[in-house]
Structure formats: C-alpha cells, structure tokens
Amino acid sequence: MRKPMDRNLAFELVRVTEAAALNAAHWMGRGDREAADKAAVDAMRFALQSVDMDGIVVIGEGEKDEAPMLFNGEIIGNGSPPLVDVAVDPVDGTTLLAKGLPNAISAIAIAERGAMFKPVNVFYMNKIAVGPEARGAIDIRLSVAENLHRIAEAKGYRVEDITVVVLDRERHANLVQEIRDVGARIKMISHGDIAGGLMPALENTGTDVLMGIGGAPEAVITGCALKCLGGEIQCQLYPRDEEEKRRAEEVGMDFDRILYTDDLVSGDDIFFAATGVTEGELLRAVRYTASGAKTSSLAVRARSGTMRFIESTHNFGKLLRISSLKYES
C-alpha cells in the first residue's frame with residue numbers, strides 16, 4: 001500500500017494555472033492561437049519547475065493540433081516526492097481565446113504514478129459526463145432519451161428542464177436531434193470540452209450533462225476533475241477513420257471498451273486546478289488592473305472532496321522581481 005499524499009498539491013497547481021492564464025490572456029482576441037498557446041505553455045513549464053513533485057507528463061498538449069507542447073514523457077517538477085502522473089492543457093479553448101470568446105481555461109491534473117489512462121494513436125472519445133446528483137444514473141450504452149430521463153429523475157427535474165452541453169460539430173447532428181426530440185434544452189459550445197464537462201458538476205452553470213464526441217486527452221483531464229468533484233464520466237474511444245483505428249488497435253486500444261471514471265484515473269490521490277482565461281460560466285476571466293491582474297481559479301482534491309474557488313490579485317511589479325516571466329506579450 002502506498003502512503004497517501006498528505007500535502008494538498010492543488011494549491012501549488014493553482015500557481016501553475018494562474019501563471020499560464022496570465023501569460024496567455026494578453027493574446028485574447030488577437031487571432032493567433034499558436035502564440036496564445038505558446039505563452040501558456042512557457043509559463044506553465046516555468047511554474048512547474050518549483051512544484052515539489054517528481055512528475056511525468058502522460059497527457060500533454062499539442063499532439064492533436066501540432067501546437068507548442070508540454071510533451072508526453074516530459075519530466076516536470078523539482079524531482080522531490082511524490083511520484084505523479086501529470087495531465088495538462090495550458091489553454092483548453094485556444095480558438096476561444098484567439099477570438100475573445102467565453103470559457104477558455106488553463107487546466108492541470110495530477111495523480112499517483114501509473115494512475116492515468118493513456119490514449120495512444122487515437123484522439124477522440126464519445127463522452128457523457130454528469131455532476132454528483134446524477135452519478136450512477138447514466139449509461140453510455142443506452143439511448144440519449146433514456147439517459148436524459150434517468151438524469152432528470154435523479155435530479156428531480158422534468159426532462160424538459162435538463163440542459164445538455166454539446167460541442168457544435170456536424171458529427172453531432174443526430175445527437176442534437178435526439179436531444180430535441182426528448183424536449184431537453186441544449187447549450188452549444190464551439191470549443192473547450194474540459195470546461196463543458198465540468199459545468200454539470202458545479203452549481204450555477206445552468207447545465208446538467210455533457211454529451212458527444214470530443215478530445216481523448218481532455219476526457220482524462222475531465223475525469224480527474226470529476227473524480228474530485230464527485231461527478232461521473234463514461235467514454236468510448238472514437239476513431240476518425242479506419243487507419244486511425246488500426247494504428248490504435250495495434251498498441252492495444254479497445255474501441256468496444258467502456259471507460260468509466262475510475263478507468264480514466266484510479267485511486268484517490270488526485271488533484272485538479274484550473275484558472276479562467278476568458279470570461280465563462282465556470283470561471284471569470286483574467287482582469288487587468290493598473291498594477292497587475294486578478295484571476296479566478298478552482299482547486300479540488302479527490303481524497304477530501306474539498307472544492308475551493310480562489311480569487312487572486314497579482315502585482316506585476318513585484319512578480320517581475322522574482323520571476324523571469326514578463327507576463328506580457
């Protein structure tokens with residue numbers, strides 16, 4: 001038996017996502033996704049150097065979109081215990097940030113070494129994700145209608161009052177029609193399915209479930225967060241074509257397998273942090289002031305189930321004396 005992690009690493013991870021958000025937010029609305037992502041990656045990599053952990057990136061960013069990377073296999077942290085897996089998305093929603101649209105966040109999750117599922121040669125999953133009230137009510141093998149009725153019953157709602165988060169993609173035309181046929185409401189999002197997957201687990205977002213096909217790496221990060229928040233996610237690997245399916249099956253990926261929350265990340269030593277980059281239902285944007293900026297972050301820990309919303313004020317003049325980051329473009 002491994003000794004549980006006594007330190008709440010979520011607090012240290014908030015410093016990491018704050019740095020990424022502050023560095024990336026200068027690029028809001030400038031139309032340059034890659035520059036915004038690079039700014040976040042550079043800041044996140046710098047901040048991770050000081051975290052007391054021996055970490056290895058198992059869910060990196062950039063492979064799917066050929067963006068700047070915190071690459072899979074990269075060693076991060078200062079080398080001190082504990083040994084952990086790390087999943088990062090320096091900006092979930094780079095297109096949202098580049099266009100100045102809502103719900104871009106910076107996110108990171110860690111778990112004990114070997115705890116995270118690693119999707120190999122496949123980049124998408126079909127997903128359904130809910131918050132604590134509907135945990136145990138969903139089954140990805142059932143129809144959309146059956147799942148929505150189960151969620152409504154679990155939450156004590158009419159099915160007409162359920163709101164479903166769906167990525168706005170052509171591949172979801174049939175899903176959207178099935179949701180409408182049941183009479184439920186839909187919230188379309190253009191990007192950012194980590195934030196979309198977290199919304200049903202948090203109060204005051206006005207959403208109840210995420211459905212549809214989105215990123216596989218994002219599913220693992222969402223699973224970490226929902227494990228901390230008491231929610232649930234179920235997934236199945238989704239190949240874009242037969243060649244991708246063949247390559248993934250060659251390395252052991254099983255497209256028939258249902259991946260539950262505990263399959264995406266096992267154990268209770270899981271920590272998640274996120275900071276808002278642009279304004280959204282989940283977190284507020286980076287807001288600049290005369291002397292620096294303000295940030296809004298979420299920090300959660302699976303073992304305790306404690307959820308903290310953290311409002312921080314950053315003084316750039318003082319930060320620049322102790323950091324090589326310039327917090328500017």
Side-chain angles (χ1 to χ4, degrees), residues 7-28 35-53 55 57 59-61 68 70 76-78 84 86-94 96-97 100 102-110 192 194-195 198 202 221-222 224-225 228-229 270-301 306-329:
R7 289 169 29 237
N8 189 344
L9 288 165
F11 291 117
E12 296 176 57
L13 298 182
V14 165
R15 290 175 42 245
V16 174
T17 57
E18 285 177 343
L22 287 167
N23 223 33
H26 290 281
W27 291 92
M28 188 182 81
D37 202 27
K38 184 179 186 303
V41 169
D42 290 346
M44 183 171 275
R45 180 180 279 119
F46 175 84
L48 282 166
Q49 294 174 0
S50 63
V51 178
D52 288 330
M53 66 180 184
V57 176
I59 301 293
E61 68 89 44
L70 271 158
I76 56 176
N78 64 9
V84 295
V86 183
V88 298
D89 200 333
V91 179
D92 174 47
T94 51
L96 300 176
L97 175 57
N103 288 317
I105 65 172
S106 176
I108 186 169
I110 66 172
I194 294 177
L198 297 189
L202 296 172
I221 299 175
T222 303
C224 292
C228 295
L229 293 166
I270 305 163
F271 305 86
F272 173 83
T275 299
V277 185
T278 62
E279 201 73 15
E281 292 93 336
L282 192 66
L283 293 164
R284 294 208 64 192
V286 173
R287 290 96 68 200
Y288 290 102
T289 66
S291 59
K294 295 182 179 181
T295 56
S296 298
S297 302
L298 169 67
V300 286
R301 181 185 190 184
T306 302
M307 174 173 54
R308 291 179 172 90
F309 287 95
I310 300 170
E311 295 287 324
S312 302
T313 300
H314 307 270
N315 184 308
F316 287 169
K318 291 187 175 182
L319 280 174
L320 290 174
R321 298 175 197 163
I322 60 173
S323 171
S324 63
L325 286 175
K326 300 304 180 184
Y327 293 107
E328 61 186 10
S329 58

I need the [X] [atom1] to [Y] [atom2] distance, nearest 0.5 Å.
X: Asn23; Y: Asp42; atom1: CG; atom2: CG; answer: 7.0 Å
X: Ile310; Y: Arg15; atom1: CD1; atom2: CZ; answer: 12.0 Å
X: Leu298; Y: Leu229; atom1: CG; atom2: CG; answer: 6.0 Å
X: Leu198; Y: Thr222; atom1: CG; atom2: OG1; answer: 5.5 Å
X: Arg45; Y: Leu70; atom1: CZ; atom2: CG; answer: 4.5 Å
X: Cys228; Y: Ile270; atom1: SG; atom2: CD1; answer: 5.5 Å

Side-chain donor/acceptor of [X] to backbone N/O of [Y], under 3.5 Å:
X: Arg287; Y: Ala285; answer: yes
X: Ser296; Y: Glu311; answer: no
X: Asp92; Y: Ile105; answer: no
X: Asp37; Y: Pro90; answer: no

> Would a 4.5 Å heavy-atom cut-off, applied to side chains only, mark Val286 and Met28 as touching?
Replying inline: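 Not in contact.
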> Is any side-chain heavy atom of Arg308 less than 4.5 Å from a side-chain heavy atom of Phe11?
Replying inline: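 Touching, per the 4.5 Å side-chain cut-off.
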Indicate the atoms forming the closest heavy-atom contact of [X] with [Y], along with that distance.
X: Thr17; Y: Ala273; result: CG2-O, 3.6 Å
X: Gly55; Y: Val86; result: CA-CG2, 4.1 Å
X: Leu283; Y: Ser297; result: CD2-C, 3.7 Å
X: Cys224; Y: Ala109; result: CB-CB, 3.6 Å
X: Val277; Y: Ala21; result: CG2-CB, 3.9 Å
X: Val16; Y: Ala47; result: CA-CB, 3.9 Å

>> Consider side chain to side chain contact (heavy atoms under 4.5 Å, CB included). Of Ile108, Leu13, Ile221, Ile59, which one does Val88 pass it with?
In response: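 Exactly one option meets the side chain to side chain contact (heavy atoms under 4.5 Å, CB included) with Val88, and it is Ile108.
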>> Walk me through whether Leu9 and Arg301 qualify under side chain to side chain contact (heavy atoms under 4.5 Å, CB included).
In response: CA-CA 8 Å; Leu9 288 165; Arg301 181 185 190 184; over 6 Å; no
> Using 30° and 60° as the class limits, which term best fits the ring planes of His26 and Tyr288: parallel, tilted or perpendicular?
Replying inline: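 Tilted.
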>> Between Trp27 and Val91, is the side chain to side chain contact (heavy atoms under 4.5 Å, CB included) condition met? List the steps.
In response: CA-CA 12 Å; Trp27 291 92; Val91 179; over 6 Å; no
> Is there a side chain to side chain contact (heavy atoms under 4.5 Å, CB included) between Asn8 and Phe271 once you walk through the steps?
Replying inline: CA-CA 8 Å; Asn8 189 344; Phe271 305 86; 3.5 Å; yes
> Who passes side chain to side chain donor-acceptor pair (under 3.5 Å) against Thr289, sequence neighbours left out?
Replying inline: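 Thr289: no side chain to side chain donor-acceptor pair (under 3.5 Å) contacts found.
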> Taking only residues two or more places apart in sequence, or in another chain, which ones meet Arg284 in a salt bridge (Lys or Arg N to Asp or Glu O under 4.0 Å)?
Replying inline: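 Result, salt bridge (Lys or Arg N to Asp or Glu O under 4.0 Å) vs Arg284: Glu279.
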